[in-house]
Amino acid sequence: MELAFYLGGLIAVLATLGVIANPNPVHAVLYLVVSLLAVAMVFFALGAPFAGTLEIIVYAGAIMVLFVFVVMMLNLGQSAAEQEREWLKPRTWLGPSLLAAVLLLTLVSLLWRGDSQSMITGGGLTAKGAGTLLYGPWLLLVELGALLLLAALVTASHVGRLSPVAAPSPAPRDIPTNKKGKGASAATADVEGQPQAAGTDTPKEDS
Amino acid sequence: MMELLTTFSTAQPTAVLLPLTFLLPLLGTLILAFSRGTLGYGASALTGTASVGLAALATAMLALGFAENGPEQLTLWTWIAVGDFQPGISLALDGLSLTMLGVITGVGFFIHLFAAWYMRGEAGITRFYTYMNLFVFSMVLLVLGDNLLLLFLGWEGVGMCSYLLISYYYTNSANGWAGFKAFIITRIGDVFLAIGMFLLFSRLGTLNIAEILELAPQAWQSGDTVVELAAFLLLGGALGKSAQLPLHTWLADAMAGPTPVSALIHAATMVTAGVYLIARMHGIFELAPAALYATGVIGALTLLMAGFAALAQTDIKRVLAYSTMSQIGYMFLALGVGAYDTAIFHLMTHAFFKALLFLSAGAVIVSCHHEQDMRNLGGLWRKLPLAYMGFVVGGAALAALPLVSAGFYSKDEILWQALAADQQGLLVAGLIGALLTSLYTLRLIIGTFHGAAKSDNARHAETGRGLAHGLPLVVLAVLSTFLGAWITPPLGGVLPSSPGEGVTAGHGALELVAAATALAGIALGVWLFGLKRGWLRPANHGLGAGLWQLWHHAWGFDLVFDWTIVRPYRGVVWLLQSDLFDGLFRLLAWCVRLVHLGLSRTQTGKLRGYAVTMVAGATLILLSLALVIQGT
Amino acid sequence: MNGVPMEHGLVLAAVLFTLGLGGLMFRRNMIFVLMSLEVMLNAAGLAFIVAGTGWEQPEGQVMFLLVITLAAAEASVGLALLIQLYHRFKTLNLDVASRMRG
């Protein structure tokens, strides 16, 4: 059990590194799926099979699929990868990485001193136990979760609506300065000459 | 004829005539002010002169009525009613106010008439007569006022009109500055007067002059500190208006105004307001011997200082201005020794001959195309006979030529009173002043009229013509002779008796001494200026040049005031201009704005930046938490 | 050893969280920002599970369920916004949406 935990953890960390460092979006999405699956294995190793199942089915299965859909829809392929390579200069990620490292060190120093007595033995916390809690004391939580999902549904369907009016073009200073990438030049060529449209882009509701 | 006038005047009640003396000039002012340029030269001059002329007529009828009925008092309405303080617009007609009224309206009428000739060709004649009538109105209120509040109203009114008329030729900014100087310096005196009024009101509870003179001896002993203070404050006010030391520097520069203005305001009437004030409030001054003595000393010093200064001037009007200052010094001297009626008598005769001198000077100036410098005049005595006559008669009166001039009688009286009051110092000062007066008068006449004409302006002088030019000069000349001295002001019941009354020892001897002084001065003048002729140009070096410079600048008072008062004041103004306290608050605002600008830079609108700052903040908090836990 | 110490699990969660945070901070493409967010949420969920199993309480898994719900909601709204961004600005560079600058 311990081996599964450590192995899964290692894979998760490596895969996450791959997510944040990879310029190609498609590859990054796939790395993320791997990371999620590794974490699911960790869950199983720790003795929370319900959580692991949920992780695979919902997280890796549904949410990541959404990402894949969007990536496909926007046709982010090689051009995006090249653009990302432009953006990922060492001077861009060195500072934030240092900051994150400091944060990590702080967190670890705080966490490492905690009581070492509790060991996870991997006893089974079954789905039945979780379900009993959900329909018992934590019923309100279920309702709230449902409300949250409803809200997200409405928001996503409204915000996702693409109105046919001309989009406001960004000010020239906001256009990325590098004109070497194909995607970047396509973006600037598209944007130049577009009339400025002010105000919100959501169409007026007629109901 | 006399009976007709008498019955006519007594048929008119004082209640009608007395207000007319100031309402007529006020009416003239209003008509001219609201005419807005529709009146031409003739109409404006007619309105302005007629209003004062009718007021003079009213005064004459009042005089006839006064001879029969004696002093009267008339209250028009209550001006302010606040508890016990209820001063009214009340007029008091007694001997003193009648004398002053006669001078103001009578001499004023002739000056207005002359101004119609003098100001022809000038723009803005309506404005001129508006201000002149307003001045006459204010001055009449001043002398008729029954209480100090009404007097103060007239006081301020004449100050304002003086300023307006001095800076009449407003296109030249120097004239404006001369007006400022006059107004500001007299204002300083006005502050003293106001504080004196407050003091009198707070101690005696009334501003009515008659009541003050009644209550003062009951409230205070002679020499009491409070009454001395009140007297000194009133004296301060008088000094400003009458251009005596130390508030005298404005009078010479006030000659920037038109000559009729100088004649009326700065010779005959406004500058005598100080003398009138002290004479009116004689009760207070009698209780304050120190203030009275100070009055006499200031008068003596001023007459000497101004006399020397007049010797070294080249502008005709400036000579006459210093001469006015000197003669008013004589009046102050008379007041100082307690001879109030003598001072008023000299005020009257001085009004006649000084107005005559100024009007004659005006005739010369206009005839010579506005040439005022003596160094550019000369040889005019044939071309300008009336002006020459005016100068000779007026100058004789000024120099107190024995027996024939009115000035002799009044000035001699002053010297006699000084002797009778045992003030030998003041007497000697008066005699030296008389010598100086003869000297500068002769210098003025010789320089202006005799010798060769020194410039084209003088060569091409045009003789003045017309009634408006001739009549005032002739009438004033007549009044400046001994005939004018026959007019005795009816001051008996109003002013206390002077020291020399009833005493005759030494009077004759003093008359001889005074006459001799005047004649000696004239002789010296003829010798210095007539025969030697080397006088208009000062010596280039040595004591003569130094003295000439000193006297030309009137003993340097302007310079002293500039360095001790004006420059420090300007320094303080410059310091406060940057407004230190406001600057403190602006500094605060500036700091806030600086911080705002700095913090605005952090709002880049970029998500990444915000994320980094949030993480940094969280890291800091956790770091500090970790260190705290480590520490404990 | 007969179990995994809870600190190890929490440290694993911390490491994953920090990695996600770093990705959030220095990536410009919105897709990657959203993916980093998912990583962070996942790490938080892992922490909850570790705690739950460590203290033998099923509440950990209940909380994890809610975390997943939240992640789903956030992902859908975020992707809708991403589509709008792309539609408006024709680019996925987050820096172009900086009209709220001070």
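Naming convention: chains lettered A, B, ... in sequence-line order (proteins, then strands); numbering from 1 in each chain. All values below were derived from every heavy atom in this structure, side-chain atoms included, with hydrogens, water molecules and symmetry-related copies excluded. Small disclaimer: the values here were computed from a predicted structure and weren't measured.
Between C:Met25 and B:Val615, some side-chain heavy-atom pair lies under the 4.5 Å cut-off.
Between atom CG of residue C:Leu24 and atom CG of residue B:Leu607 there is a gap of 6.5 Å, rounded to the nearest 0.5 Å. One distance of note links OG of C:Ser98 with CZ of B:Arg608; it measures 11.0 Å at 0.5 Å rounding. Note that CE of B:Met614 is 8.5 Å distant from CG of C:Leu21, once rounded to the nearest 0.5 Å.
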Donor-acceptor pairs under 3.5 angstrom involving side-chain atoms of residues 192-199 of chain B: please list them, not counting sequence neighbours.
none

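Within 6.0 Å of the CZ atom in B:Phe183, the count of heavy atoms belonging to other residues, nucleotides or ligands exceeds 12. In B:Arg567, the CZ atom is crowded: over 12 heavy atoms of neighbouring residues, nucleotides or ligands sit closer than 6.0 Å.
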